[in-house]
Amino acid sequence: MNLLVDSNQAKSNSLISEAASERTLYPYVTGTSVIGIKYKDGILMMADMGGSYGSTLRYKSMERLKPVGKHSLLGASGEISDFQEILRYLDELILYDNMWDDGNSMGPKEVHNYLTRVMYNRRNKFNPLWNSLVLGGVKNGQKYLGMVSMIGVHFEDNHVATGFGNHLARPILRDEWHENLSFEDGVRLLEKCMRVLLYRDRSAVNKLQIAKITEEGMTISQPYALKTSWNLAAFQNPTAGAEGSW
């Protein structure tokens with residue numbers, strides 16, 4: 001009898017444990033590429049506002065660029081609810097840092113290192129946060145830009161991108177980026193990259209935000225649309241010359 005009770009208790013505990021598990025087993029609402037670059041005065045970052053429910057562009061007002069403390073700016077692609085969880089972690093981190101009231105504040109390098117530890121820790125627990133993150137900022141005149149993937153792979157560079165941006169935008173950035181970019185030239189370069197992504201990435205939408213952060217502070221723009229042209233022959237008849245296509 002005791003064995004039977006113990007067996008039922010173990011089964012009940014197992015069911016409770018499974019019910020309490022809240023892993024992101026598959027991303028549901030996702031955002032696509034984020035692109036960040038250094039420019040003459042600071043950091044520029046751009047992302048669209050699409051939220052894809054599977055393959056359906058269900059949401060078109062998802063803000064994926066957020067300030068972190070006084071010196072940092074965060075952009076995220078991937079699962080939106082996991083991004084919200086990361087923002088909650090960062091709110092707690094910045095609050096704890098401010099509570100010291102020692103005249104110092106956490107800079108972008110420290111925030112980036114924290115995010116790499118969080119992502120790698122969750123990956124090791126087989127419970128990853130399904131995001132790729134871009135973290136940029138300026139502190140004491142030093143510009144910083146880095147990214148971290150959902151499994152904790154991270155690096156710092158003069159320009160970074162997530163998602164399809166790694167394949168379609170970074171070749172453009174390698175050719176055209178230079179360290180003395182003005183704000184206007186930086187915006188034009190990011191818009192050129194986002195226009196290419198809009199043409200080629202089915203999850204991209206023509207509703208964008210751009211953010212900048214300098215020593216003076218940060219601003220995130222209101223949403224706006226790019227000028228596009230869909231009159232090219234390749235767009236009007238994409239299967240021309242493709243024998244056997246539908």
Side-chain angles (χ1 to χ4, degrees), residues 24 27 29-39 41-51 59 61-98 105-123 128-139 142-163 165-166 169-170 186 190 193-194 208-223:
T24 303
V29 179
T30 59
T32 186
S33 306
V34 178
I35 306 173
I37 63 171
K38 292 180 181 179
Y39 78 107
D41 299 321
I43 303 295
L44 288 173
M45 206 176 290
M46 186 174 277
D48 72 19
M49 302 186 70
Y59 306 105
S61 296
M62 307 295 300
E63 295 186 7
R64 298 187 288 120
L65 303 176
K66 296 289 184 179
V68 180
K70 298 178 180 179
H71 308 288
S72 305
L73 183 67
L74 179 66
S77 60
E79 171 61 43
I80 299 299
S81 62
D82 282 354
F83 178 44
Q84 293 168 340
E85 179 75 355
I86 290 168
L87 292 175
R88 188 178 67 82
Y89 291 163
L90 290 172
D91 284 343
E92 293 177 358
L93 178 72
I94 298 301
L95 177 61
Y96 179 76
D97 183 54
N98 290 340
S105 54
M106 193 168 289
K109 187 171 185 178
E110 291 79 20
V111 176
H112 186 227
N113 287 337
Y114 171 80
L115 289 172
T116 64
R117 297 301 90 205
V118 168
M119 303 301 275
Y120 187 63
N121 175 265
R122 292 288 294 262
R123 173 261 191 191
L129 293 163
W130 217 288
N131 299 101
S132 292
L133 306 172
V134 174
L135 194 286
V138 182
K139 185 180 180 184
Q142 298 295 314
K143 294 176 282 190
Y144 186 91
L145 181 63
M147 71 85 62
V148 55
S149 75
M150 65 177 285
I151 60 173
V153 175
H154 60 281
F155 62 89
E156 178 190 357
D157 206 343
N158 294 317
H159 48 78
V160 298
T162 67
N166 266 322
R170 292 206 74 195
L190 286 178
C193 293
M194 294 303 292
L208 312 173
Q209 280 184 303
I210 186 167
K212 75 169 182 176
I213 182 166
T214 65
E215 196 71 55
E216 286 72 37
M218 71 182 76
T219 57
I220 300 176
S221 76
Q222 292 297 313

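Values below: all heavy atoms of this structure, side chains included; hydrogens, waters and symmetry mates excluded.
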Do you know which two heavy atoms are closest between [X] and [Y], and how far apart they sit?
{"X": "L73", "Y": "A211", "answer": "CD2-CB, 3.4 Å"}
{"X": "P27", "Y": "T30", "answer": "CB-CG2, 3.5 Å"}
{"X": "N166", "Y": "A161", "answer": "OD1-O, 3.0 Å"}
{"X": "S72", "Y": "V111", "answer": "OG-CG2, 3.9 Å"}
{"X": "G136", "Y": "L145", "answer": "CA-CD1, 4.0 Å"}
{"X": "F155", "Y": "H112", "answer": "O-CE1, 3.8 Å"}

To the nearest 0.5 Å, how far apart are [atom1] in [X] and [atom2] in [Y]?
{"X": "L65", "Y": "M45", "atom1": "CG", "atom2": "CE", "answer": "6.5 Å"}
{"X": "L90", "Y": "D97", "atom1": "CG", "atom2": "CG", "answer": "12.0 Å"}
{"X": "I151", "Y": "M119", "atom1": "CD1", "atom2": "CE", "answer": "10.0 Å"}
{"X": "H159", "Y": "I43", "atom1": "NE2", "atom2": "CD1", "answer": "12.0 Å"}
{"X": "H154", "Y": "T116", "atom1": "NE2", "atom2": "OG1", "answer": "5.0 Å"}
{"X": "M147", "Y": "L135", "atom1": "CE", "atom2": "CG", "answer": "11.0 Å"}

*Taking atom CD of Q142 as the centre, report whether more than 12 heavy atoms of other residues, nucleotides or ligands fall under 6.0 Å from it.*
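At most 12 heavy atoms, drawn from other residues, nucleotides or ligands, come within 6.0 Å of this atom.
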Heavy-atom side-chain proximity of [X] to [Y] below 4.5 angstrom:
{"X": "I86", "Y": "L115", "result": "yes"}
{"X": "Y144", "Y": "V138", "result": "no"}
{"X": "Y114", "Y": "L93", "result": "yes"}
{"X": "R88", "Y": "E85", "result": "yes"}
{"X": "V134", "Y": "L74", "result": "no"}
{"X": "M49", "Y": "L208", "result": "no"}
{"X": "M150", "Y": "L129", "result": "no"}

_Working for side chain to side chain contact (heavy atoms under 4.5 Å, CB included), residues T214 and Y39_ = CA-CA 10 Å; T214 65; Y39 78 107; 3.3 Å; yes
_Looking only at side-chain N and O atoms, does T162 offer a donor or acceptor that is under 3.5 Å from a partner on S77?_
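The criterion, which ignores hydrogens and geometry beyond distance, is satisfied for T162 and S77.
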*Judged by modelled atom types alone, do E92 and Y96 share a side-chain donor-acceptor pair under 3.5 Å?*
no
Taking only residues two or more places apart in sequence or in another chain, which ones pass side-chain contact (heavy atoms from CB on, under 4.5 Å) with [X]?
{"X": "S221", "result": "Q209, I210, Y224"}
{"X": "H71", "result": "S105, P108, K139"}
{"X": "N158", "result": "K38, W177"}

Under a 3.5 Å distance rule, please check whether [X] uses its side chain to pair with a backbone N or O of [Y] as donor and acceptor.
{"X": "R64", "Y": "T32", "answer": "yes"}
{"X": "S33", "Y": "G165", "answer": "yes"}
{"X": "E79", "Y": "S81", "answer": "yes"}
{"X": "D82", "Y": "N131", "answer": "no"}

*Apply salt bridge (Lys or Arg N to Asp or Glu O under 4.0 Å) to K212 and D41, showing your working.*
CA-CA 9 Å; K212 75 169 182 176; D41 299 321; over 6 Å; no
_Evaluate M62 against I80 for side chain to side chain contact (heavy atoms under 4.5 Å, CB included), listing each step before the verdict._
CA-CA 8 Å; M62 307 295 300; I80 299 299; 3.2 Å; yes
*asked:* Quick test of your reading of the model: are D91 and K66 salt-bridged, counting only N-O distances below 4.0 Å?
replied: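 Result for this pair is no, no salt bridge flagged.
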*Could you go step by step and tell me if D157 and R170 meet the salt bridge (Lys or Arg N to Asp or Glu O under 4.0 Å) rule?*
CA-CA 11 Å; D157 206 343; R170 292 206 74 195; 2.8 Å; yes
